[in-house]
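Just so it is clear, the model here is predicted, and its values are computed rather than measured. Whatever order the structure lists them in is the order used to number ligands and atoms, beginning at 1.
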Amino acid sequence: MLASALILACTAKQAFTKRERTVIRSSDSLMYVTVLPEDSVILRAKSIDLGPTELRSEELKVLTEKMLYTVKHPSQDGVGIAAPQVGINRRIFWVMRMDKPGEPFECYLNPQMDSLWGEITHGPEGCLSVPPMRGLVPRYDHIRITYTHPGTLERVTETVEGYTAIIFQHEYDHLEGTLYIDRADTLFRHDAWAAERSAFNYAKPAWWPEK
Ligand code: NI
């Protein structure tokens with residue numbers, strides 16, 4: 001019994017890769033946000049699902065808390081953030097629920113886009129990973145999405161509409177390696193954002209593992 005228990009302990013699957021654990025553990029609460037063009041390998045990769053081990057791991061809690069801190073930080077001030085934007089190619093994002101009272105941020109794990117429908121709007125979008133640009137992007141105004149709830153770990157299906165549905169589409173695209181600039185009709189430089197960015201330090205940490 002002891003021998004088999006030891007073997008089980010030794011072969012237990014480690015949550016996240018060594019590189020992912022380095023990024024999760026070594027990052028400050030305010031994480032480095034990947035940007036074009038230097039982080040295009042990460043931003044352009046298709047992210048993979050979290051497995052059962054990762055879904056129950058302490059690392060996932062640490063990662064999602066740091067992502068939330070980062071998207072809400074005055075230096076970023078976003079309405080959503082996806083894991084590739086903090087250097088992790090896993091299917092995780094946060095969305096500001098502008099359709100709910102108090103506009104809470106909510107976390108979505110292993111999301112799958114079931115369907116998109118309704119009217120196509122051409123609204124302005126920006127992305128923390130594509131400073132300091134904005135663009136007009138055609139998007140559907142209704143989505144249905146299925147995801148793993150971070151609290152219960154159950155699969156939940158939800159229909160979302162309006163501007164919040166657009167944030168979901170933008171963040172979902174990140175998990176596929178797609179950026180809004182791929183879909184935009186028009187792109188323009190946002191001078192106010194460029195000026196704001198000069199007030200903060202966005203340098204990549206010295207310990208950052210490129211591979
Ligand atoms: Ni973005």
Could Lys100 and Glu106 be called an ion pair, given the rule that one side-chain N must be under 4.0 Å from one carboxylate O? yes
Which pairs count as ring-ring contact (aromatic ring centres under 6.0 Å, His included) when at least one residue sits in residues 37-61, sequence neighbours excluded? none
Ile24 and Leu68: same hydrophobic cluster, using ILVMFWY side-chain contacts below 4.5 Å? yes
Arg19 meets the salt bridge (charged side-chain N to carboxylate O under 4.0 Å, His left out) criterion, sequence neighbours left out, with none
Verify whether one side chain among Arg155 and Thr148 offers a donor that lies under 3.5 Å from an acceptor in the other. yes
Under 2.8 Å from the Ni ion (ligand 1), which protein N, O or S atoms do you find? Ignore water molecules. Cys127 SG, His170 NE2, His174 NE2
Please enumerate all residues that pass ring-ring contact (aromatic ring centres under 6.0 Å, His included) together with Tyr172, with sequence neighbours excluded. none
